[in-house]
Amino acid sequence: MIYFNNEKIDIKKFPNGEALIHSGDLNIKVNDNEIKVKFENNEDITNLIFLKGYLDELRVKCSLVLPYMPYSRMDRTEGVTVFTLKYLCKLINSLDFENVTIYEPHSEVSVALIDRVKVVNMSKKLTEQLIDELNDENVYLVYPDAGASKRYAHQIAYEKILTANKERDFKTGFINKLEINGDVKSKNFKAIIVDDLCSKGGTFELTASKLKDMGAGEIYLVVTHCENTIFEGKLLDSDLITGIYTTNSILSKDHKKIKVYEI
């Protein structure tokens, strides 16, 4: 899905699937134009190329906003898999945007590879807002793995921190073991699990279960990117999570436990 200057572009298709973009629908400004790609499939990348090519012919300046950086998981060569993130970053650089804004990149590799990149640390913003809303001294931030701890420990200035170590079977994808590190001063504390991405929520379900055993009364999850596959997991059906704070970068479904912030 592509937006131009905050207006969704209605891209039609020929019978064979080729894109048909009407230039008359574009509200083009003299300066400060913006393309936002809410990635749904590879057609969005193709349409981005067509749109930017047209703007280049008009010599119109334009920036790019990526609420979610596509192919962030494929950030290295692993076995026989292709390093697709690298090639997408090369493509974006070739389009020569004035700047590229990425919300909460899942991999720092994309930040290193994209020219004139800006990063919005959205999970940090959502976490700080939730801390203010709870207005409770007995709140702990929980980083569910080493990656989250490394990412957010220097971003969020907060004293009450718990971290988790997990062991995953990479052949099956299942987590064999997860332990919470750190102590809480009193029972019935509140916990905010902070990370960047949620798929089915297995890691967060296990983390929340451990926190319940430690005495947590309310447990919240903050993730910038929440995939629709969360509805395939057990997280929303259990009583472990009080609420989830996320954005519309990927998610397109509603649930009473999910609070969505617009990007």
Side-chain angles (χ1 to χ4, degrees), residues 1-11 25-27 29 32-48 51-52 55 61-73 75 85 88-89 91-92 95 97-111 113-133 148 151-152 155-156 192-199 201 204 220-231 236 243-263:
M1 190 181 303
I2 296 185
Y3 295 80
F4 184 70
N5 291 334
N6 292 319
E7 294 182 6
K8 180 183 174 183
I9 299 179
D10 184 19
I11 299 176
D25 296 336
L26 302 177
N27 180 25
K29 302 176 184 178
D32 300 325
N33 293 280
E34 176 189 281
I35 298 174
K36 179 169 66 178
V37 178
K38 185 179 179 183
F39 182 79
E40 294 179 324
N41 55 56
N42 288 333
E43 287 184 359
D44 292 325
I45 304 301
T46 304
N47 294 332
L48 173 64
L51 179 57
K52 185 57 166 60
L55 296 174
K61 293 182 179 181
C62 188
S63 60
L64 175 65
V65 174
L66 297 170
Y68 169 74
M69 179 66 202
Y71 293 96
S72 290
R73 292 185 178 93
D75 61 353
L85 176 62
L88 178 58
C89 291
L91 171 62
I92 291 173
L95 296 177
F97 287 96
E98 295 297 301
N99 57 72
V100 179
T101 300
I102 303 176
Y103 281 75
E104 202 68 32
H106 183 61
S107 172
E108 291 300 314
V109 173
S110 56
V111 179
L113 293 179
I114 293 179
D115 298 336
R116 298 178 294 281
V117 68
K118 298 179 180 180
V119 173
V120 178
N121 297 315
M122 198 65 190
S123 288
K124 172 181 182 292
K125 292 185 176 183
L126 294 179
T127 300
E128 291 173 341
Q129 182 172 334
L130 179 54
I131 291 172
D132 289 340
E133 288 180 11
R151 179 192 301 266
Y152 300 111
Q155 285 187 22
I156 305 173
I192 303 174
I193 304 172
V194 185
D195 213 336
D196 67 314
L197 176 67
C198 176
S199 184
F204 305 124
Y220 300 87
L221 172 62
V222 170
V223 286
T224 298
H225 311 298
C226 187
E227 298 179 340
N228 289 318
T229 48
I230 191 173
F231 290 90
L236 294 173
I244 298 174
Y245 287 65
T246 187
T247 74
N248 65 332
S249 63
I250 301 176
L251 192 68
S252 61
K253 297 181 179 181
D254 298 323
H255 191 277
K256 61 182 180 180
K257 284 189 177 182
I258 302 178
K259 185 172 183 179
V260 179
Y261 292 82
E262 299 287 325
I263 294 180

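Note that the structure is predicted; figures quoted are calculated from it, not measured.
With sequence neighbours excluded, the residues satisfying salt bridge (Lys or Arg N to Asp or Glu O under 4.0 Å) with Glu227 are Arg73. Scored by the side chain to side chain donor-acceptor pair (under 3.5 Å) test, Tyr220 finds Glu218 as partners (sequence neighbours excluded). Listed by chain and number, the residues in a salt bridge (Lys or Arg N to Asp or Glu O under 4.0 Å) with Asp254 amount to none (sequence neighbours excluded). Considering only residues two or more places apart in sequence or on other chains, Glu262 meets the side chain to side chain contact (heavy atoms under 4.5 Å, CB included) condition with Asn248. Annotation: side chain to side chain contact (heavy atoms under 4.5 Å, CB included) contacts of Thr101 (sequence neighbours excluded): Val65, Asn99, Tyr103, Lys118, Val120. Applying the salt bridge (Lys or Arg N to Asp or Glu O under 4.0 Å) criterion to Lys52, with sequence neighbours excluded, gives Asp56. A search for side chain to side chain contact (heavy atoms under 4.5 Å, CB included) contacts involving Asp115 returns Asn93, not counting sequence neighbours. Judged as a side chain to side chain donor-acceptor pair (under 3.5 Å), and not counting sequence neighbours, the contacts of Ser249 are His225, Thr247. Listed by chain and number, the residues in a salt bridge (Lys or Arg N to Asp or Glu O under 4.0 Å) with Glu43 are Lys13 (sequence neighbours excluded). Take Lys124 and apply the side chain to side chain contact (heavy atoms under 4.5 Å, CB included) test, not counting sequence neighbours, and it matches Asn121, Glu128, Gln155, Ile156.
Checking Asn42 against Tyr71 by side-chain atom types alone, a donor-acceptor pair falls below 3.5 Å. Ser107 and Ser72 are not linked by any side-chain donor-acceptor pair at a separation below 3.5 angstrom, with hydrogens and angles left out of the test. With hydrogens and angles left out, the side-chain atoms of Gln129 and Tyr261 include a donor and acceptor closer than 3.5 Å.
In this structure the side chain of Asp196 never reaches within 4.5 angstrom of the side chain of Val223, judged on heavy atoms.
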Show me the donor-acceptor pairs within less than 3.5 Å that the side chains of residues 1-9 make with the rest of the protein, sequence neighbours left out.
unit_1, atom_1, unit_2, atom_2, d
Asn5, OD1, Glu34, N, 2.8
Asn5, ND2, Asn27, O, 2.7
Asn5, ND2, Asn33, OD1, 2.9

Next item on the list: For the pair Ser252 and Asn228, evaluate side chain to side chain donor-acceptor pair (under 3.5 Å) and give the outcome as yes or no after the intermediate values.
Entry: CA-CA 7 Å; Ser252 61; Asn228 289 318; 3.0 Å; yes

